[in-house]
Each structure stands twice: as C-alpha cells, then as structure tokens.
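Report on the structure given below.
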Amino acid sequence: LPGLHIFAIAFALEVSVGKTNTVTALNNSNVLLPCTFISCIGFQDLVFTWYFNSTELVADPALLPLQIYHGKIKNKATEPTLIWHNPRVEFVGSTTKKDNNISIVLNNVEFSDAGKYTCHVKNPKEKNAQHNATIFLTVVHKMVETDNTVTLIIVGVVGGLIGLLILFMLIKRVVLFIIKKTQDGKKECLVSSSGNDNTENGLAGSKAEQKAPPKA
C-alpha cells in the first residue's frame, strides 16, 4: 500500500548519540560528542550538521556561531567533506567503515560550552528524510568521585547473608547424612540381633530334640 511505503521510508533514517544523552567534561579539556546514523536504503549527498542550543539552518553558517559543524557525504565509499566548522571543533568519525560515525570533538572546553548539542542528518536519497539526536554537555571545575561506601556495605551484607545461607545448607546436609547413617546402623544391628536370636533358638531346639530319649 502507498501509505505503508511512505511510513517505512519516513522511519528508514535514524540518528543516535549512544546509550546515554549526557556528557560531563572538565574545564579546558577536550570532549567527544558521539553521533552515528543508519539508513536502510543507503544515502547519497547526505548532509549532516551539529548545532549548539539551536536547530536552525541558515544560508551562511559563518553568521551562526551556534552551528558548529557542517559536512556532506557523497556516498558510502567516501569520507565526509567539510563545508564549515568552528575552529575548536574537530571531526573524528568515519563513514566508510561499519558504522556511519559523524562524531566530533570539542577542544578546550569552557563553561560557556555547556548546553544542548544536536546532531542533524538529511538524506536526499530518502526523499530528503531528516532525523536528529541530542546530547547534553555539562562542564565542571573538577570531577567528583562517587562515594561507593553504601554500595560496598550493601554488597558485603548481601554476600555475608548468602555465605551464611550456604553454610547453613551444608551443615543441614551433613547433619541429615549423619542421622541417616545412624538410623541405618541401628536397623542393621536390630536385624542382626534378631537373626542371631532366632538362629540360636533354632539350634537349641534342634539340639534338644536330638538329645531327647526316644519314647518307649
């Protein structure tokens, strides 16, 4: 059906920034902003753009500081061609390998760089289908170490309880084994004693009958 065909084409292009959409970077450091895209039917003259706190495209990228990288990819066999970029932004991806990687690195991060970064892709081969993904950057003075004390205590308590449970089960099995062996031993003694008494009685009866004088 035509409607289903259009629906499938609309969702053929997908853009992703990975499993998490947040990144934390130290002031004056370099930070990677990841982005990949997939297209079920391939791409031709694909255009991708990175935006900072904006998703608006203008005719002259130099007039828009919020548009930090703008590139074009002819096809799967070629790497992206730079159209315009912010001097502090470096392209580190590749589109000729397995993943269509259009990631960038922002050098010498400043506190003013904190905000929303949008990776936008447009594919003319899919009737100009467009898709984007957003990642949020936080810039800090220093990284704060996570206190795992509570986690370690919980893990220790849980591990101790599991250890006690295993020990209890082992002791229980040993006790049951000893009880079973003891009961089996008593049964053998009872059977043996009973058998010996019957044998002795039987032999005694036989001897008595043999020694009895014949009747006149």
Worksheet, complete the sentence: Checking Gln130, His70, His131 against His120 for side chain to side chain donor-acceptor pair (under 3.5 Å), the one that qualifies is Gln130
Worksheet item: Which pair of heavy atoms, one from Glu79 and one from Gly93, lies closest together, and at what distance?
Response: OE1-O, 4.4 Å
Worksheet item: Can you tell me if Lys142 and Asn27 form a side-chain donor-acceptor pair at under 3.5 Å?
Response: no
Fill in: CA sep, side-chain torsions, deciding dist, call: Thr49, Gln67, side-chain hydrogen bond (donor to acceptor under 3.5 Å, both in side chains)
CA-CA 7 Å; Thr49 310; Gln67 184 175 311; 5.1 Å; no
Discussion item. Any side-chain to backbone donor/acceptor pair from Ser103 onto Cys35? Under 3.5 Å, distance only.
Written reply: yes
Fill in: Main-chain N/O of Lys97 paired to Lys76 side chain as donor or acceptor, under 3.5 Å
yes
Discussion item. According to disulfide (SG to SG under 2.5 Å), does anything in residues 87-117 pair up with another residue at least two apart or in another chain? List the pairs.
Written reply: none
Worksheet entry | Residue pairs, two or more places apart or on separate chains, that pass side chain to side chain donor-acceptor pair (under 3.5 Å) and touch residues 17-26 | Thr20-Thr22
Worksheet item: If you take all heavy atoms of Glu126 and Ile41, which pair is closest and at what distance?
Response: CG-CD1, 3.3 Å
Worksheet entry | Sole residue of Tyr51, Phe52, Trp84, Phe91 in ring pair (Phe, Tyr, Trp, His ring centres under 6.0 Å) with Tyr69 | Phe91
Worksheet item: According to a 4.5 Å side-chain heavy-atom criterion applied to Ile, Leu, Val, Met, Phe, Trp and Tyr, with indirect links allowed, do Ile68 and Val47 form part of one hydrophobic cluster?
Response: no
Worksheet item: What is the minimum heavy-atom distance between Thr118 and Thr134, and which atoms define it?
Response: OG1-OG1, 3.3 Å
Worksheet item: In terms of hydrophobic clustering (I, L, V, M, F, W, Y; side-chain heavy atoms under 4.5 Å; direct or indirect links), are Val23 and Val139 co-clustered?
Response: yes
Fill in: Heavy-atom pair with the smallest gap, counting every atom of Leu137 and Ala25
CD1-CB, 4.0 Å
Practice prompt. Determine, using the 4.5 Å side-chain heavy-atom cutoff (strictly less than), whether Met169 and Ile162 are members of one ILVMFWY cluster.
Written response: no
Worksheet item: Shared ILVMFWY cluster between Leu167 and Ile178, side chains joined below 4.5 angstrom?
Response: no
Worksheet item: Taking NZ, NE, NH1 and NH2 as the nitrogens, is one of them in Asp113 or Arg88 under 4.0 Å from a carboxylate oxygen of the other?
Response: yes
Discussion item. Suppose the criterion is ring pair (Phe, Tyr, Trp, His ring centres under 6.0 Å): which pairs have a residue in residues 27-47, not counting sequence neighbours?
Written reply: Phe37-Phe43
Worksheet item: Counting distance only, does the side-chain N/O of Asn53 pair as donor-acceptor with the main-chain N or O of Lys116 below 3.5 Å?
Response: yes
Worksheet item: Applying the 4.5 Å side-chain criterion to the ILVMFWY set and letting contacts propagate, would Ile135 and Ile104 be lumped into a single cluster?
Response: yes
Worksheet entry | Heavy-atom pair of closest approach, residues Ile102 and Val121 | CD1-CG2, 3.7 Å
Worksheet item: Should Leu106 and Tyr117 count as side-chain neighbours, where that means a heavy-atom distance under 4.5 Å?
Response: yes
Worksheet item: Counting only heavy atoms not in Lys72, do more than 12 sit closer than 6.0 Å to its NZ atom?
Response: no
Practice prompt. Determine the minimum heavy-atom distance between Thr95 and Asn100, stating which atoms define it.
Written response: O-OD1, 3.6 Å
